[in-house]
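Only one structure is covered here, and it is reproduced in the block below.
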Amino acid sequence: GIEPAGGTTTPFVRWTSGAFHFPEAMVAGEPEMPKAYVPQAVEADLYRRWLAADVFAPDGSGSRARPGLPPFVIIQPPPNVTGALHLGHAQRTAVEDALARHARMQGRPTLWLPGKDHASIAAQVVLDRILAGEGQSRESLGRERYLERMRQFVATTRPIMTSQLERVGASLDWGRERFTMDEGSARAVRVAFKRLYDDGLAYRGEGLINWCPGCRTSVSDLEVIPRPETGTLWTVRYQLLRDDGSPDPGAWIAVATTRPETILGDVAVAVHPEDERYRALVGRRVRIPFVERDVPIIADDVVEREFGTGAVKITPAHDAADYAVGRRHGLSFPSMLDDAARVSVPGPFEGLDRYEARRRIVADLEARGDLEGSRPHEMLIGHCQRSDDVIEPRLLTQWFVRAAPLAAKALAAVREGRTRFVPRRFEKVFFHWLENIHDWNVSRQLWWGHRIPAWYCPDGHVTVSDEPDGPSACGACGRPAGELRQEEDIFDTWFSSGLWPFSTLGWPDHTPDLARFYPGSVMETGYDIIFFWVARMMMLGLHLTGTEPFHTIYLSGLIRDPYGQKMSKTKGNVVDPLHVIDESGADALRFALIHGATPGNDQRFGEAKLENARNFANKLWNATRFVIGARPPSIDAKAERRLPEAARMGPLEHWLVSRAAGTTAAVDQAMADYAFGEVTRILYDAIWNEFCDWGVELAKVHLGDTSLDEATRETTWWTLVEVLDTYLRLLHPVMPFVTEALWGSLPHRSLDPDLLIVARWPGVGERDLDTERDVAALLELVTELRNARATARVPAAAWLETMVAIPPALGTAFEALRPGIERLARARPLFRELTPEALHA
RNA sequence: GGGCGAUUGGCUCAGCUGGUUAGAGCGCACGGUUCACAUCCGUGAGGUCACUGGUUCGAAUCCAGUAUCGCCCACCA
């Protein structure tokens with residue numbers, strides 16, 4: 001004998017002998033399906049079938065949208081046209097496609113519009129690198145040939161990216177594909193800019209901008225990446241002057257600087273107004289070395305008394321803080337560096353690179369005794385996001401978009417809940433950025449992009465036009481177009497991206513698409529482009545269309561390698577999603593990317609997750625294979641789907657159906673919460689641990705039980721079909737290929753469509769909680785019996801005579817499931833004893 | 001200098017509108033050639049839910065603080 005296992009039921013097991021003979025198979029037998037799921041064999045073909053069925057377009061001939069349901073619109077960040085698809089794209093595509101397929105199955109006209117972004121600066125960096133390999137350059141080609149070359153290049157990358165998205169299974173409406181450099185976008189850019197200009201929200205002016213000497217263009221604040229570096233803090237003496245302007249021998253003021261070369265652009269020395277050490281010096285003048293400029297000592301409370309010497313040199317044209325000081329004090333703004341960051345001030349340093357100039361200036365200062373000291377200094381240096389060059393603040397005349405009024409509208413939309421973030425916490429980040437926003441420098445001195453539609457006449461007038469060919473004459477003085485010169489600069493690439501939700505629908509025209517599909521339902525992207533893209537779409541969309549461009553902002557986390565490192569080409573830890581698809585299939589990739597992930601949180605991605613996902617697809621494949629093969633021969637292979645006969649359903653059948661209903665409700669809730677990781681968790685558990693491990697195993701016994709009549713066995717089978725069908729539907733948004741393939745092999749009703757992609761999302765059926773509870777208790781009994789056997793080291797194959805105590809309330813269910821319990825626990829004969837409670841009664 | 005996130009079994013992560021024995025995958029141990037699946041089946045071991053204090057009948061879950069790690073924002077040159 002063995003130990004009782006405890007719990008509410010008390011198994012008591014004795015050894016027995018004799019083999020159990022399973023009744024002869026009463027099922028259809030092995031279906032003609034491979035024993036393992038082979039994604040490569042089905043995916044490409046299925047995608048072609050979906051395309052051919054025309055189901056991706058909201059009103060495609062194969063789509064089965066229900067009249068009266070509101071459209072569902074998913075907005076995706078158009079990927080950069082030059083980039084190959086990476087894992088981040090695959091993840092976002094998986095999420096967006098899940099949203100699209102779910103909405104489509106609900107019968108909503110679903111628009112998910114594909115596109116590419118021209119990625120101005122990023123594309124130029126890529127092309128420049130290619131050209132460099134050919135011994136060419138931007139300059140050697142010139143603007144027109146360079147652009148022609150870019151168009152050729154992009155023409156080769158675009159179709160590659162499209163086919164990659166198809167491999168992932170993206171149900172994008174390809175008929176509506178757009179590009180941020182197409183004519184529709186170009187027009188939207190012109191009209192948007194003119195409107196902003198007319199509304200006083202775009203202006204041309206001199207401002208301190210971030211200059212990348214490598215890319216030879218200005219970049220926005222967001223494109224400057226601050227990085228800690230150890231520099232040097234030099235202390236430099238500036239000669240004090242007497243009131244008559246002559247040097248005051250032996251009198252100097254020491255300033256601390258990390259950038260001695262900018263001495264050439266100094267126009268003042270600032271101290272804190274309450275600094276006793278310098279109070280008497282405020283108002284006096286000092287002589288800037290090398291340029292021999294006499295400048296004032298001023299008081300400003302930006303100066304930190306404790307830092308350095310408490311006195312700071314002011315270079316308004318090359319430092320953001322100094323620029324502000326310069327504005328406050330009415331100083332001049334002399335520039336001292338050119339486009340290549342070489343010294344532009346006449347004199348001994350002219351033409352020198354900024355760092356060479358620094359070395360020479362420090363040496364000279366030391367030689368003349370004006371260098372008081374130096375020490376290492378930790379500081380943040382701004383680098384170009386694209387080229388990694390050290391960014392140079394410069395004062396230039398550029399086009400800006402006045403951000404504050406636009407930001408106010410975006411803030412209001414989120415505060416009032418017209419647009420919400422998933423997860424919520426990113427709203428704070430959004431608020432903080434918009435509340436402190438600076439005007440947006442939209443000018444880029446690049447070529448690949450939309451040229452700013454501003455024309456200048458010789459008299460200095462500015463005419464902004466949204467006409468394709470520009471203005472016919474100067475708007476101010478009427479000079480003919482021939483005398484006008486168009487702005488050379490192009491727009492920041494995010495300007496056109498910011499119009500994406502409506503420029504792709506025909507805006508500025510009042511098209512039917514715009515009326516129907518704007519604003520969007522869900523915008524999905526990574527949290528790393530909240531400022532670049534999300535905020536810009538909100539600002540521009542609200543101002544230009546009067547409506548928030550989307551209602552929900554779903555933010556994905558970043559994909560990292562198994563060690564938590566960011567994936568990057570230089571680290572060599574990049575996973576190519578196409579390679580993964582080749583190996584394991586798109587469904588496994590998608591499932592792995594979604595399973596266990598939560599919105600806004602980064603996730604590690606590696607082999608283990610992928611294998612688990614692949615195994616799950618295989619499990620589903622084989623479960624379906626079993627169900628198809630388990631068809632009672634009394635049911636015709638081509639029989640139309642029948643509902644299980646209610647009168648013949650026992651606890652197993654009721655349990656299966658009720659659990660499917662419970663799963664459906666749970667999936668619905670998780671979908672409504674955008675908790676995709678939860679969706680996969682629920683389905684994985686329901687399919688593997690409930691349906692397969694218990695439902696199918698118990699059903700085997702029923703299906704092979706000769707003591708049951710034919711109709712009862714048919715009912716069991718129809719129940720399996722019904723429940724499996726439900727699970728395939730629920731899983732389809734995440735694993736579209738395998739579910740589509742399997743669903744097609746199950747019997748259907750005549751009113752079902754040919755393809756799962758347009759089949760109906762399951763309704764939530766009625767629960768039978770009593771049965772769920774009873775069956776759960778009996779399944780636990782089986783587990784306890786197995787546990788007892790394992791503990792007692794009973795050979796797994798041995799059949800044991802077993803006695804169990806069953807509470808009276810469970811009696812009916814127990815007897816109904818007895819053959820199944822016996823088989824799963826290998827307990828036969830299985831004797832049911834009265835419970836102690838019953839004996840006492 | 002602000003803000004945010006993370007801290008749960010060996011690893012990677014769910015759970016966190018407070019409530020029966022805290023879950024999963026991988027890994028691990030033991031046992032399985034049962035006719036869907038070895039990409040499998042069964043059983044099991046393994047967690048003071050970072051720390052401190054508080055609220056509560058009851059906290060991984062709420063509040064305050066601390067620590068470590070990470071991210072974002074920021075005009076100490």
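Below, read A as the first sequence line, B as the second, and so on, with proteins coming before strands; counting in each chain starts at 1.
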Charged tip of A:Lys700 within 45° of A:Phe626 ring normal and under 6.0 Å: yes
Ring-face cation of A:Arg536 near A:Phe531 (centre distance under 6.0 Å, axis angle within 45°):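 No cation-pi geometry.
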Sticking with atom [atom1], work out how far [N] lies from [M], rounded to a whole angstrom.
{"N": "B:C41", "M": "B:A36", "atom1": "C1'", "answer": "12 Å"}
{"N": "B:U21", "M": "B:C4", "atom1": "C1'", "answer": "36 Å"}
{"N": "B:G46", "M": "B:C40", "atom1": "C1'", "answer": "24 Å"}
{"N": "B:G47", "M": "B:C37", "atom1": "P", "answer": "37 Å"}
{"N": "B:A74", "M": "B:G15", "atom1": "P", "answer": "31 Å"}

Under the salt bridge (Lys or Arg N to Asp or Glu O under 4.0 Å) rule, what pairs show up with a residue in [range], not counting sequence neighbours?
{"range": "residues 580-591 of chain A", "value": "A:Asp97-A:Arg590, A:Arg167-A:Asp582"}
{"range": "residues 605-615 of chain A", "value": "none"}
{"range": "residues 301-317 of chain A", "value": "A:Asp266-A:Lys313"}

Check: A:Lys700 side chain, B:A36 base, donor-acceptor under 3.5 Å: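 In this structure, the two groups form a donor-acceptor pair.
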Name of the residue among A:Val429, A:Ile553, A:Leu558, A:Val534 meeting side-chain contact (heavy atoms from CB on, under 4.5 Å) with A:Tyr527: A:Leu558
Let me know the distance between [atom1] of [X] and [atom2] of [N], rounded to the nearest Å.
{"X": "A:Arg560", "N": "B:C11", "atom1": "CZ", "atom2": "P", "answer": "19 Å"}
{"X": "A:Ile314", "N": "B:C75", "atom1": "CD1", "atom2": "P", "answer": "15 Å"}
{"X": "A:Arg826", "N": "B:U34", "atom1": "CZ", "atom2": "P", "answer": "9 Å"}
{"X": "A:Asp561", "N": "B:U12", "atom1": "CG", "atom2": "P", "answer": "12 Å"}
{"X": "A:Phe426", "N": "B:C71", "atom1": "CZ", "atom2": "P", "answer": "14 Å"}
{"X": "A:Phe691", "N": "B:C37", "atom1": "CZ", "atom2": "C1'", "answer": "13 Å"}
{"X": "A:Phe676", "N": "B:C13", "atom1": "CZ", "atom2": "P", "answer": "20 Å"}
{"X": "A:Leu698", "N": "B:A36", "atom1": "CG", "atom2": "P", "answer": "14 Å"}

Verify the contact: side-chain N or O of [X] to OP1 or OP2 of [N], cut-off strictly under 4.0 Å; return yes or no.
{"X": "A:Lys619", "N": "B:C40", "answer": "no"}
{"X": "A:Thr783", "N": "B:U43", "answer": "yes"}
{"X": "A:Thr257", "N": "B:A77", "answer": "no"}

Looking at every strand, decide which applies to [X] at a 4.0 Å heavy-atom threshold: base, sugar-phosphate, or nothing.
{"X": "A:Asp693", "answer": "sugar-phosphate"}
{"X": "A:Gly596", "answer": "sugar-phosphate"}
{"X": "A:Val303", "answer": "base"}
{"X": "A:Arg614", "answer": "base"}
{"X": "A:Thr791", "answer": "nothing"}
{"X": "A:Ala36", "answer": "base"}
{"X": "A:Ala321", "answer": "base"}
{"X": "A:Val627", "answer": "nothing"}
{"X": "A:Phe616", "answer": "nothing"}

Side-chain donor/acceptor of A:Trp717 to backbone N/O of A:Val627, under 3.5 Å: yes
Test item: A:Asn618 side-chain N/O and A:Tyr37 main-chain N/O as donor-acceptor pair under 3.5 Å: yes
Listed partners of A:Trp621 passing side-chain hydrogen bond (donor to acceptor under 3.5 Å, both in side chains), at least two apart: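 Checked A:Trp621 against side-chain hydrogen bond (donor to acceptor under 3.5 Å, both in side chains); zero matches.
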Sequence-distant partners of A:Arg424, side-chain hydrogen bond (donor to acceptor under 3.5 Å, both in side chains), two or more places apart: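 In terms of side-chain hydrogen bond (donor to acceptor under 3.5 Å, both in side chains), with neighbours along the sequence ignored, A:Arg424 is linked to A:Glu427.
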Among [options], the nucleotide that comes nearest once only the side chain of [X] is considered:
{"X": "A:Ala623", "options": "B:C72, B:A36, B:G44", "value": "B:A36"}
{"X": "A:Trp688", "options": "B:C72, B:C41, B:A36", "value": "B:C41"}
{"X": "A:Asn787", "options": "B:G44, B:A14, B:A77", "value": "B:G44"}
{"X": "A:Phe626", "options": "B:A36, B:C73, B:A77", "value": "B:A36"}
{"X": "A:Arg604", "options": "B:A77, B:C40, B:C13", "value": "B:C13"}
{"X": "A:Glu697", "options": "B:C73, B:U43, B:C37", "value": "B:C37"}
{"X": "A:Leu222", "options": "B:U39, B:U43, B:C73", "value": "B:C73"}

Polar atoms only, N or O, under 3.5 Å: list the protein pairs with nucleotides 22-27 of chain B and their distances.
residue	atom	partner	partner atom	Å
B:G25	O3'	A:Asn612	ND2	3.2

Polar side chain donor-acceptor pair, A:Tyr684 to A:Asn612, under 3.5 angstrom: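 A pair is found: one side chain offers a donor N or O, the other an acceptor, under 3.5 Å apart.
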Any N/O pairs under 3.5 Å between the protein and nucleotides 30-33 of chain B? List them or say none.
residue	atom	partner	partner atom	Å
B:C30	O2'	A:Arg793	NH1	3.4

Whichever of A:Ala597 and A:Arg259 has its nearest RNA chain B nucleotide further upstream toward 5': A:Ala597
Salt-bridge present (A:Arg259, A:Glu261; N to O < 4.0 Å):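 Result for this pair is yes, salt bridge flagged.
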Electrostatic pair A:Glu780-A:Arg786, nearest N-O below 4.0 angstrom: no
Paired and unpaired positions of RNA chain B as dot-bracket, Watson-Crick or G-U wobble under 3.5 Å, | denoting a partner strand: ((((((((.[[[[.)...(...]]]].(((((.......))))).....[[[[[..)....]]]]])))))))....
Exercise: identify the closest heavy-atom pair between A:Arg713 and A:Asp705: NE-O, 3.5 Å
Those residues that, when tested against A:His329, pass ring pair (Phe, Tyr, Trp, His ring centres under 6.0 Å) (two or more places apart):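 For A:His329 there are no ring pair (Phe, Tyr, Trp, His ring centres under 6.0 Å) partners, ignoring immediate neighbours.
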Residues forming a ring pair (Phe, Tyr, Trp, His ring centres under 6.0 Å) with A:His702, sequence neighbours excluded: none
Got a list of protein N/O to nucleotides 5-10 of chain B N/O distances below 3.5 Å?
none

Which atom pairs, one a donor and one an acceptor, fall under 3.5 Å between side chains of residues 668-676 of chain A and the rest of the protein, sequence neighbours left out?
residue	atom	partner	partner atom	Å
A:Asp668	OD1	A:Trp761	NE1	2.7
A:Gln669	NE2	A:Asp673	OD1	3.2
A:Gln669	NE2	A:Asp673	OD2	3.2

